[in-house]
Structure formats: structure tokens, C-alpha cells
2 protein chains.
Amino acid sequence: MSENLKLSNQVCFPLYSLAKEVIKQYRPILNELGLTYPQYLVMLVLWEEGSQNVSEIGNQLFLDSGTLTPLLKRLEQKNIIVRKRNPEDERIVTISLTEKGKIMKEKAQCVPDRIAETLNISTEDLLNLKTIIDKINIQIKTTNN
Amino acid sequence: MSENLKLSNQVCFPLYSLAKEVIKQYRPILNELGLTYPQYLVMLVLWEEGSQNVSEIGNQLFLDSGTLTPLLKRLEQKNIIVRKRNPEDERIVTISLTEKGKIMKEKAQCVPDRIAETLNISTEDLLNLKTIIDKINIQIKTTNN
DNA sequence: ATAAATTAAATTGTGCACAATTTAATTTTG
DNA sequence: CAAAATTAAATTGTGCACAATTTAATTTAT
């Protein structure tokens with residue numbers, strides 16, 4: 001068999017597997033907060049930057065309204081965010097944290113440390129991984145637009 | 001904010017994004033074969049190793065029957081695989097390629113090259129990425145079992 | 001000023017991904 | 001041998017992810 005189609009030679013498969021594996025490590029930890037990983041990402045954006053439009057959140061997380069609209073509705077049902085149409089421009093929906101959502105930030109402070117623990121990867125390897133991923137991400141975005 | 005906090009967020013999110021981005025590059029190419037990326041992975045296993053049980057495929061791709069059963073039914077509907085219960089042990093379902101499935105392998109030969117083209121990443125960077133990812137994947141699997 | 005174009009979010013539909021449970025077959029044990 | 005345990009796949013239910021379309025609001029260009 002040509003080497004071309006061997007699973008072991010693929011780069012994408014280990015990447016896809018590792019991403020799933022890492023998210024799996026987040027699951028039990030985020031579950032204590034009642035969040036999924038994509039929901040946690042949205043909360044990180046709001047904690048860091050405050051109120052944001054749906055599309056502003058989407059631009060940062062590379063997610064579209066088809067993904068975000070139902071996800072945000074779930075966060076709203078948990079009473080950690082509110083969705084409000086902008087009276088200046090009724091097309092825009094602004095997402096804001098509720099008190100409960102702001103308080104959750106405190107409980108979430110420990111998440112990265114706990115992830116770092118369970119991943120058990122040296123800082124050196126993490127930095128190495130980050131460097132190469134960032135480089136490739138930039139290359140893809142610039143090549144593909 | 002601790003350094004771990006930043007680092008794990010700064011690694012996990014780019015990892016998750018890059019995996020999605022790379023799969024997005026596969027989409028138009030695999031679409032010509034009528035396959036999704038996970039379906040392509042199943043076909044890679046079958047092309048490389050021939051007939052496999054559902055759980056053997058699952059072990060290699062880290063997917064469970066909840067994911068594979070409907071996926072395999074879709075491949076069966078495309079007439080590129082057949083699903084057959086093992087008469088020796090009726091619990092086991094063996095997946096085999098049809099002629100059409102075998103022929104598809106030829107058309108798939110070009111996929112890795114075309115992906116390499118569109119990703120436009122140096123072989124060195126790809127190897128670098130694969131090396132660090134494989135290392136971390138092994139580390140996670142051994143730590144977490 | 002209004003018709004056409006654009007924009008933002010929502011909706012619709014398909015396909016993973018995975019936890020939890022169920023079903024049915026096979027093994028192990030008492 | 002029969003009950004209990006185990007195993008393999010299927011099923012059920014929830015939640016992304018994304019393409020394609022729709023809806024409604026706003027801009028723009030005539």
C-alpha cells in the first residue's frame with residue numbers, strides 16, 4: 001500500500017484526536033460549573049471583555065450564529081447571560097453577563113490550573129505546541145482569505 | 001490570573017480552532033468523494049486494514065458505537081461498505097468494503113497531496129506539529145488510564 | 001425618497017460526539 | 001446446567017458545528 005493514505009502518516013488525525021481528548025479533560029471540571037467547553041469559551045470572552053454582540057463573540061471564537069444562537073439561549077436559560085436587542089440597531093443582539101454570570105467567574109478561576117494538572121504536560125511542551133499551532137493558524141488564515 | 005490559567009486557555013483554544021480549521025480544509029476535497037472527515041477516517045482504516053468490527057474501528061479512531069453506528073449506516077447507504085453480523089458471534093458487526101468502496105481508494109489517493117497544498121505549511125512545520133502532538137497524545141493516554 | 005443591496009441574527013437541516021441506557025448474545029460462575 | 005456477569009452494538013437524548021436559507025433592519029445608491 002502506498003504510504004499516502006496510512007492513518008499513521010496523517011497529521012490531521014492526531015490533531016483532531018488531541019483536540020477531542022483535551023476537551024474531554026475539560027468536561028468533568030466544567031460540569032461542576034454546568035458549562036460545556038464552547039459555553040466556557042463564550043463566558044471567557046464575556047468575563048474578559050464584557051458585553052458583546054453575537055457576531056463579535058463569533059469573530060473571536062470562529063463560530064457563526066447557527067452555532068451561537070442556540071448556545072446563547074441555553075446560557076440565558078441558566079440565567080448567567082441576558083440577550084437584548086440593541087435599540088439603536090434592532091438587528092444586533094447584545095449579550096451581557098447577569099450577576100450570576102459574573103459570580104461564576106470566581107468559581108472558574110481554578111479551571112485552568114485544574115486542566116494544567118490533569119493534562120500533566122510540561123510548560124515547555126505546552127509552549128512548543130502553542131508556538132507551532134499559532135504559526136500554522138496564522139498561515140492558514142492568511143493563505144485562505 | 002495565574003500563568004497556568006493563561007497558558008492552558010491559550011493552548012486549548014488554538015488547538016480546538018486549528019483542528020476545526022484543518023477539517024474545514026478537508027471539506028471541499030472530501031465532498032468530491034461524498035465523504036465527511038470522520039467518514040474518511042473510517043474509510044482510511046478499512047483501506048489500510050480491510051474488514052473490521054465496529055469496535056475495532058472505534059478503538060483506532062477513538063469513537064464509540066453511538067457515533068459509529070449511524071455513520072456506518074450512512075456509508076452503507078452510499079454502497080461503499082456493508083455491515084454484516086458475525087455468524088460465530090452475533091453481537092459483532094463486521095464492516096467490509098464493497099467494490100465501490102475499494103475503487104474509491106484510487107480517487108482518494110490525491111487527498112493528502114491536495115490537503116498539503118491548501119494548507120501550504122512547510123513539511124518541517126507539519127513534522128514538528130505531528131511530533132509534539134503525538135508526544136502529548138501518548139502522555140495523555142498513559143496518564144489517563 | 002425609495003428600490004436595491006447589505007448586514008445581523010435566527011432558522012432549517014445534516015452530521016458528528018458522547019453520556020447513559022437498552023438489547024441481545026456470549027461467558028463465567030456457583 | 002442455570003443464574004449472573006460481561007460484551008458488542010444499537011438506541012436515546014443533548015449539544016455542538018456548519019451550510020444554506022430566511023427574516024428583519026439598516027445602508028446605499030439611484
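Throughout, a chain's letter reflects where its sequence line sits, starting with A, and its residues are numbered from 1.
- Side chains of A:V22 and B:Y16 form no contact here, defined as non-hydrogen atoms less than 4.5 Å apart.
- Every residue meeting the side chain to side chain contact (heavy atoms under 4.5 Å, CB included) condition with B:S55, not counting sequence neighbours, appears here in chain and number order: B:N53.
- Within residues 67-76 of chain B, the residues approaching DNA chain D are B:T69, B:K73, by heavy-atom distance under 4.0 Å.
- With a cutoff of under 4.0 Å to any heavy atom of chain B, the contacted region of DNA chain D is bounded 5' to 3' by D:dT7 to D:dA19.
- Sorted by first then second residue, the ring pair (Phe, Tyr, Trp, His ring centres under 6.0 Å) pairs that include residues 86-106 of chain A, not counting sequence neighbours, number zero.
- Contacts between residues 50-62 of chain A and DNA chain C, defined by a heavy-atom separation below 4.0 Å, involve A:N53, A:V54, A:S55, listed by number.
- Between the side chains of A:Q60 and A:E56, no donor-acceptor pair of N or O atoms lies under 3.5 Å.
- With sequence neighbours left out, the salt bridge (Lys or Arg N to Asp or Glu O under 4.0 Å) criterion links B:R74 to no other residue.
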Side chain to side chain contact (heavy atoms under 4.5 Å, CB included) assessment of B:I57 paired with B:L63: CA-CA 8 Å; B:I57 295 172; B:L63 294 172; over 6 Å; no
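- Residue pairs meeting the salt bridge (Lys or Arg N to Asp or Glu O under 4.0 Å) criterion with at least one member in residues 112-121 of chain B, sequence neighbours excluded, are B:E32-B:R114.
- Between A:V93 and B:S65, the residue anchored closer to the 5' end of DNA chain C is A:V93, taking for each the nucleotide with the nearest heavy atom.
- By the salt bridge (Lys or Arg N to Asp or Glu O under 4.0 Å) test, B:E106 is found to be paired with no residue, residues two or more places apart in sequence or in another chain being considered.
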Between B:Q39 and B:M43, does the side chain to side chain contact (heavy atoms under 4.5 Å, CB included) criterion hold? Intermediate values first, please. CA-CA 6 Å; B:Q39 289 169 7; B:M43 296 304 286; 5.5 Å; no
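- Scored by the salt bridge (Lys or Arg N to Asp or Glu O under 4.0 Å) test, A:E76 finds A:R83 as partners (sequence neighbours excluded).
- Under the ring pair (Phe, Tyr, Trp, His ring centres under 6.0 Å) criterion, A:Y26 pairs with A:Y37, A:Y40, sequence neighbours left out.
- Closest heavy-atom contact between B:I23 and A:C12: CG1-SG, 4.3 Å.
- For the contact set between residues 79-92 of chain A and DNA chain C, defined by any heavy atom under 4.0 Å, the members are A:R83, A:R85, A:R91, A:I92.
- The salt bridge (Lys or Arg N to Asp or Glu O under 4.0 Å) test applied to B:K84 returns no partner, not counting sequence neighbours.
- Under the Watson-Crick and G-U wobble criteria, each requiring two contacts below 3.5 Å, nucleotide D:dT26 is paired to C:dA5.
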